[in-house]
2 protein chains.
Amino acid sequence: MDDQAIPLDAETKAVEMPEDHREELRLWLRLLTCTTLIEGEVRSRLRERFDVTLPRFDLMAQLDKVPEGMTLSDLSKRMMVSNGNLTGLVDRLVASGHIVRTASPTDRRASVIRLTETGRAEFRAMAAEHEHWIAELFGDLTEKDRSELMHLLGKTKLSARRAIQGEGQ
Amino acid sequence: MDDQAIPLDAETKAVEMPEDHREELRLWLRLLTCTTLIEGEVRSRLRERFDVTLPRFDLMAQLDKVPEGMTLSDLSKRMMVSNGNLTGLVDRLVASGHIVRTASPTDRRASVIRLTETGRAEFRAMAAEHEHWIAELFGDLTEKDRSELMHLLGKTKLSARRAIQGEGQ
DNA sequence: GGAATTTATTTTAAGCTTAAAATAACTGGC
DNA sequence: GCCAGTTATTTTAAGCTTAAAATAAATTCC
């Protein structure tokens with residue numbers, strides 16, 4: 001058999017030792033914990049303070065950024081949720097008077113969603129408090145911490161996108 | 001009125017100018033995006049590759065760490081989900097033969113949940129692949145990136161916990 | 001211009017998730 | 001030993017979420 005002593009180069013990893021990735025796993029679990037913690041707290045405060053659900057708040061946040069409104073497909077991509085999910089969410093927000101659906105003038109398949117004046121006013125009041133909550137939740141991080149974290153999460157986002165895109169090839 | 005000119009110290013922020021926290025908000029949104037991206041991909045691969053849902057995988061992951069099993073309350077805390085949620089999840093995993101419920105010998109209110117041999121074997125096969133997926137998703141981060149991110153997320157976790165605990169006072 | 005494909009949305013079925021209320025059992029103080 | 005308060009779990013109602021199939025309209029390619 002080919003088991004003569006390897007002269008040099010014991011460091012080349014051509015032998016393919018089964019590397020473990022526990023470190024990456026711990027990193028992922030910690031990322032998930034942070035998000036779950038913060039998301040849960042925000043959800044709870046939105047409910048207590050404004051009697052609104054987090055998905056509704058998120059949807060309104062997207063619409064507030066684009067006064068002319070957008071289609072369900074646009075919303076779906078921005079919010080990273082399924083199309084079917086949006087149908088019901090939009091229906092409920094229309095029923096509560098926060099948004100309106102109008103037929104797209106250029107595409108008879110699509111509808112365009114916009115905030116109503118009431119919806120916008122209510123959203124902005126909520127968003128102002130929401131921003132303080134977030135600042136408080138991240139309050140123990142220094143300016144430098146935040147900027148480094150922002151940068152590292154930017155890298156993470158790109159890395160994940162690359163890994164997700166790449167598989168489809 | 002007490003509006004005589006302030007002599008020095010124009011930098012003391014006693015005037016309470018309405019500071020904005022857009023930076024923290026962007027940080028939170030980026031954190032959320034990273035988690036959503038990765039979670040969605042893991043969910044999708046678990047379904048395609050093993051026909052299992054993410055919550056079931058997560059539950060089994062907790063149980064795999066503690067061979068003697070644990071109560072629903074323990075699981076609830078570790079997974080950071082509501083108690084009511086677990087009742088149904090556990091029922092489905094019992095029905096599929098992955099876990100068993102046994103009465104707690106010391107507390108007649110509680111039941112103890114454990115992986116079955118089948119459940120453990122299936123979980124470990126899934127976990128091995130899962131670990132590779134995570135490594136791939138974080139693949140563009142250097143060793144240093146990962147260690148810094150781990151550290152900053154540790155700070156974030158503590159900060160959020162402090163903010164959440166503190167409110168209840 | 002018509003067929004094939006893509007895109008926008010809805011529907012369906014199943015499962016997940018929460019909050020809140022209800023049950024039941026445990027624990028501590030008297 | 002009993003009462004009050006706490007803890008473990010389940011139930012309920014409502015809403016969220018996904019994947020997959022269905023529908024309908026737009027686009028692309030001969």
Side-chain angles (χ1 to χ4, degrees), chain A residues 32 35-60 62 69-96 98-99 101-113, chain B residues 32 35-37 39-60 69-96 98-99 101-113:
Chain A
L32 189 55
T35 300
T36 306
L37 261 180
I38 296 169
E39 195 174 46
E41 184 64 14
V42 169
R43 181 194 311 279
S44 156
R45 291 191 192 186
L46 281 175
R47 176 181 298 266
E48 283 173 26
R49 185 78 180 76
F50 299 111
D51 194 31
V52 74
T53 66
L54 184 52
R56 288 181 205 199
F57 179 82
D58 287 344
L59 193 154
M60 288 193 275
Q62 294 300 330
M70 65 185 85
T71 64
L72 292 187
S73 292
D74 291 338
L75 261 178
S76 169
K77 278 167 209 144
R78 282 163 174 269
M79 295 177 70
M80 297 195 281
V81 301
S82 64
N83 275 331
N85 191 356
L86 277 182
T87 299
L89 202 46
V90 164
D91 287 349
R92 286 184 290 271
L93 277 167
V94 168
S96 65
H98 292 89
I99 67 176
R101 293 179 95 124
T102 47
S104 164
T106 58
D107 188 335
R108 281 193 298 159
R109 294 167 305 176
S111 45
V112 174
I113 311 301
Chain B
L32 190 54
T35 300
T36 306
L37 261 180
E39 196 175 45
E41 184 65 13
V42 169
R43 181 194 310 280
S44 156
R45 292 191 191 185
L46 281 174
R47 175 180 299 265
E48 283 172 25
R49 185 78 181 77
F50 299 111
D51 194 33
V52 74
T53 66
L54 184 52
R56 288 181 207 200
F57 179 83
D58 287 344
L59 192 154
M60 289 193 274
M70 65 184 84
T71 65
L72 292 187
S73 292
D74 291 337
L75 262 177
S76 169
K77 278 168 209 144
R78 282 164 174 268
M79 296 177 69
M80 297 194 280
V81 301
S82 65
N83 276 332
N85 191 355
L86 277 182
T87 298
L89 202 47
V90 164
D91 286 350
R92 287 184 288 270
L93 277 167
V94 167
S96 64
H98 291 90
I99 66 176
R101 292 180 95 123
T102 47
S104 163
T106 57
D107 188 336
R108 280 191 298 160
R109 295 167 305 177
S111 45
V112 175
I113 312 300

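Within every chain, numbering begins at 1; the chains are lettered A, B, ... in the order of the sequence lines, protein sequences first and strands thereafter. All heavy atoms count here, side chains included; hydrogens, waters and symmetry mates do not.
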>> Using the rule given for side chain to side chain contact (heavy atoms under 4.5 Å, CB included), can you reason through L89(A) versus L86(A), listing the C-alpha separation, both sets of side-chain angles and the distance that settles it, and then say yes or no?
In response: CA-CA 5 Å; L89(A) 202 46; L86(A) 277 182; 4.3 Å; yes

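Rounded to whole angstrom, the span from the CG atom of D107(A) across to the P atom of dT6(C) amounts to 17 Å. Atom CZ in R45(A) sits about 18 Å away from atom C1' in dA19(C), given to the nearest Å.
DNA chain C is contacted by no residue of residues 71-79 of chain B, taking any non-hydrogen atom closer than 4.0 Å.
Listed candidates were dA25(D), dA8(D), dT10(D). Nearest to the side chain of A110(B) is dA8(D).
Judged purely by atom type and a 3.5 angstrom limit, S76(A) uses its side chain to pair as donor or acceptor with the backbone of V81(A).
Rounding to the nearest 0.5 Å gives a distance of 4.5 Å between CD1 of I113(A) and CG of L72(A). To the nearest 0.5 Å, atoms OG (S111(B)) and CZ (R108(B)) are separated by 14.5 Å. Going from atom CZ of R45(A) over to atom CD of E41(A) covers 4.5 Å, rounded to the nearest 0.5 Å. With values rounded to the nearest 0.5 angstrom, R101(A) atom CZ is found 11.0 Å from T71(A) atom OG1.
Considering all non-hydrogen atoms of both residues, Q62(A) and M70(A) come closest at O-CE, 3.4 Å.
Within the structure, a side-chain polar atom (N or O) of R108(B) is placed less than 4.0 Å from OP1 or OP2 of dC26(C). OP1 or OP2 of dT10(D) has at least one side-chain nitrogen or oxygen of R101(B) nearer than 4.0 Å.
Contacts of R109(A) classified as salt bridge (Lys or Arg N to Asp or Glu O under 4.0 Å), with partners at least two apart in sequence or in another chain: D107(A). Residues satisfying the side-chain contact (heavy atoms from CB on, under 4.5 Å) test with T36(B), not counting sequence neighbours, are M80(A), L32(B).
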>> At under 4.0 Å between heavy atoms, how does the protein contact nucleotides 12-18 of chain C? Give one character per nucleotide, 5' to 3', with B, S or -.
In response: ---SSBB

Using residues 51-60 of chain A as the side-chain source, report each donor-acceptor pair under 3.5 Å to any protein atom, sequence neighbours left out, with the distance given to one decimal.
{"residue": "T53(A)", "atom": "OG1", "partner": "R56(A)", "partner atom": "N", "Å": "3.4"}

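One N or O donor and one acceptor, one from the side chain of R109(A) and one from the base of dT7(C), sit under 3.5 Å apart.
In the helix from dG1(C)-dC30(D) to dC30(C)-dG1(D), the terminal helix axes, each the rotation mapping four pairs' C1' atoms onto the next four within five end pairs, subtend 30°, rounded to 10°.
For the pair D91(A)/T87(A), a side-chain contact is recorded, criterion being any heavy-atom separation below 4.5 Å from C-beta on.
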